Structures are given as C-alpha cells and as structure tokens.
Amino acid sequence: MNFVPALIDEMHPLELKGEVSAEVLGLNEPAARGEQPILAELLVQKEGDDFLVTGWLQTTLSLLCGRCAVWFPWPVRTQVEHLFEAPHPSGIDLTPFIREDILLELPLNAACRLGADGRCPVTGEFYQPRPETSGSLASGEVWEALSKIKTKD
Ligand SMILES: [Zn+2]
C-alpha cells in the first residue's frame, strides 16, 4: 500500500482501502503468527508540505496461550496516524508503518481471556483464581518481609 505525494493536493485527499497480505508482517514466531489479511482504511491528506495518514487497520493474529499452550485468535483493530514530513520521495510505501502498527498490538504475555467462571474459551478447562489467603511462596515471602520491618522498630 503506497501513495504518490505529487498526485495529492490539499483539496483532494487520497482514500486507500483494501487488504494487505499478512506476509508484510513477517510474523511467524513460536508464539505469534499473522496469517489473516490486514484490512486497511486510510486517508492521506496534504497539510502544507507534509502528508498526514490517518485511519485504521484490522486483522486477527494467532497467539499461543501461555497458560493452556493452544493457539487462539487475537483480533487487532488499531488507529493509524502518521505524519510524513517534507522532503518526500516520489513514492511513499506505507507497508512498514502498517507492519509496525499491527506488531505494536501484540501483548507481552499472550494468554486467552478466561470467562467469568474461569473457563478457557479454547480448551474449556477451568482455572481457579488464586485464593487470596493461600500459603503460596510469594505471600509467605511478603509476610516474612513485613515481620522483618516490624522487628526493626
Ligand atoms: Zn488458554
């Protein structure tokens, strides 16, 4: 997806609508894949010597759930706003910006969203929320740290 700056003036913004192949993402990681096309609806406006590209991108990535180790869909819809400042090349390729905008929507830790009952929507397995009064190592360490503070007083 690209545009030619010389063909756009203030009075005539350029609408770019269409599908971009998932290949531009180059996303084929052990825990993240991009296979669905990216729907793009962009508007290129000339503002003085600059060009402002706004709109949105939408696709569905596949992520590996860190909790259940199954692939689940990760819908992405992101706003686009890029300013291209003069001087301009004869053609501006938006593909790297589309790639960046989509990849920024990847979560740091992928895990499917559990239902209100703690059920994984993909595997159907139940995950109990950790009880607040559990004697887990973490909370034990917290109490130990607290007791150390108290004995200092
Ligand atoms: Zn899961």
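Numbering of ligands and ligand atoms starts at 1, following listing order. Keep in mind that this is a model prediction, so the values were computed, not measured.
The Zn ion (ligand 1) has C65 SG, C68 SG, C112 SG as its protein N, O or S neighbours under 2.8 Å.
Counting heavy atoms of neighbouring residues, nucleotides and ligands inside a 6.0 Å radius, atom CD of E23 does not exceed 12 of them.
In this structure, the side chain of R99 engages the main chain of L25 through a donor-acceptor pair within 3.5 Å.
The side chain to side chain contact (heavy atoms under 4.5 Å, CB included) search around P73 returns T60, not counting sequence neighbours.
Considering all non-hydrogen atoms of both residues, G18 and M1 come closest at N-CE, 3.9 Å.
Note: H82 and F84 have tilted aromatic rings, judged against thresholds of 30 and 60 degrees for the angle between ring planes.
Figure legend: cation-pi geometry between R67 and Y127, with NZ or CZ positioned under 6.0 Å from the six-membered ring centre and within 45° of its axis.
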